[in-house]
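Encoded as structure tokens, the structure appears first; notes follow it.
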Amino acid sequence: MGNWGGMAVAHATVAELREFAAEAGCAIDRDEDMGGGWSAVHYPDQPDGAAAALARRTGAPVLTVAYLDSDVGFVEAATFAGDRWKALLNRDTAEDYEIPVDRFPVEAALAGALEWAAAAGLSADPDGIRAALTGSEAFAEDLTARLLGALGMDRAGLGGEST
């Protein structure tokens, strides 16, 4: 059985992100210190608007991903200033689910991702971002890891120690 939950990544301590995610309505399953001041929380269900709510609360850029049975990832990202972007991971698989991929234009997502990374003080790799947004993997979580790396985050904690 795949992952039907979600995750949020923010430049915050694990304790802060756990607290803020709980306030936004996320029931936390586990968390991770990703290094470089970045943390992630994982939850079984993602409320609508979680990225914007967390960005307002943390005062920093936040990226969330909601998974559809580990097959597809719905990315939402927001900055404290209110800028937002969204993307779809595993587009070919999304079409099998009859998800209208045209609602998630790659070029708009790429532009938003680059602006988001700059606001986060990260050095993003545009080609790497495009590859994650257009790539295909057995698990959408693998594309999430590729996207985070291309955005410039230290991925050492991704999938590592958690509480």
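Residues Val75 and Leu114 share a single hydrophobic cluster, defined by chaining ILVMFWY side chains whose heavy atoms lie under 4.5 Å apart. Hydrophobic clustering places Trp85 together with Val106 (ILVMFWY residues linked when any side-chain heavy atoms are closer than 4.5 Å, directly or through intermediates). Grouping the Ile, Leu, Val, Met, Phe, Trp and Tyr side chains by contacts below 4.5 angstrom, directly or via other members, places Tyr43 apart from Leu63. Under a hydrophobic clustering in which Ile, Leu, Val, Met, Phe, Trp and Tyr are joined whenever their side-chain heavy atoms come within less than 4.5 Å, directly or via other members, Met34 and Val65 fall into the same cluster. Hydrophobic cluster membership is shared by Phe104 and Tyr97, with clusters built from Ile, Leu, Val, Met, Phe, Trp and Tyr side chains linked at under 4.5 angstrom.
Residues Val101 and Glu95 form a side-chain contact, since some pair of their non-hydrogen atoms from C-beta on lies under 4.5 Å apart. Within the 4.5 Å cutoff, side-chain heavy atoms of Arg57 are placed close to those of Glu23. Asp83 is not listed as a side-chain neighbour of Trp116, based on a closest heavy-atom distance of 4.5 Å or more. Residues Val41 and Met7 are not in side-chain contact: their nearest non-hydrogen atoms beyond the backbone lie 4.5 Å or more apart. Residues Tyr67 and Leu89 form no side-chain contact, since every pair of their non-hydrogen atoms from C-beta on lies 4.5 Å or further apart. Between Ile129 and Leu147 the shortest side-chain heavy-atom distance falls below 4.5 Å. Side chains of Trp38 and Leu17 form no contact here, defined as non-hydrogen atoms less than 4.5 Å apart. Side-chain atoms of Val62 and Phe20, non-hydrogen and from C-beta on, never get closer than 4.5 Å to each other.
Counting only distance, with no hydrogens or angles, the side chain of Glu16 and the backbone of Thr13 share a donor-acceptor pair below 3.5 Å. No side-chain donor-acceptor contact under 3.5 Å links Thr79 to the backbone of Pro61. Looking only at distances, a side-chain donor or acceptor of Asn3 sits under 3.5 Å from a matching main-chain atom of Gly5.
For Arg91, the CZ atom is densely surrounded, since the number of other residues' heavy atoms within 6.0 Å is greater than 12. Summarising the local packing, CG of Asp102 is surrounded by more than 12 heavy atoms from other residues, nucleotides or ligands at distances under 6.0 Å.
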Intermediate values then yes/no, side-chain contact (heavy atoms from CB on, under 4.5 Å), Thr58 and Phe80: CA-CA 8 Å; Thr58 63; Phe80 180 73; over 6 Å; no
Check the pair Met153 / Leu122 against side-chain contact (heavy atoms from CB on, under 4.5 Å), numbers first and verdict last. CA-CA 7 Å; Met153 285 185 217; Leu122 300 170; 3.9 Å; yes
Take Val9 and Ser39 through the test side-chain contact (heavy atoms from CB on, under 4.5 Å) and record every step on the way to the result. CA-CA 6 Å; Val9 177; Ser39 299; over 6 Å; no
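Evaluation of the side-chain hydrogen bond (donor to acceptor under 3.5 Å, both in side chains) test over residues 103-115, restricted to residues two or more places apart or in two chains, returns Glu107-Arg130.
Judged by distance alone, the side chains of Ser70 and Glu141 do bring a donor and an acceptor atom under 3.5 Å apart.
Annotation: cation-pi geometry not satisfied between Lys86 and Phe74 (NZ/CZ under 6.0 angstrom from ring centroid, within 45° of ring axis).
Under the rule for a side chain to side chain donor-acceptor pair (under 3.5 Å), the partners of Glu137 that lie at least two apart in sequence or sit in another chain are Arg146.
Here the shortest heavy-atom pairing between Ala109 and Ala87 reads CB-CB, 3.8 Å. Considering every non-hydrogen atom in both Gly128 and Ala150, the closest pair reads C-CB, 3.4 Å. In this structure, Leu133 and Leu110 approach most closely via the heavy-atom pair CD1-N, 3.9 Å. Between Ala78 and Ala55, the shortest heavy-atom contact is O-CB, 3.7 Å. Scanning all heavy atoms of the two residues, the minimum distance from Leu54 to Ala24 falls at CD2-CB, 4.3 Å.
To the nearest 0.5 angstrom, Ser136 atom OG is 7.0 Å from Leu143 atom CG. Taken to the nearest 0.5 Å, the CG atom of Leu68 stands 5.5 Å off from the CD1 atom of Ile99. Interatomic distance, Phe139 CZ to Thr93 OG1, rounded to the nearest 0.5 Å: 11.0 Å.
Checking Asp33, Asp29, Asp31 one by one against Arg18, the salt bridge (charged side-chain N to carboxylate O under 4.0 Å, His left out) holds for a single residue, Asp31.
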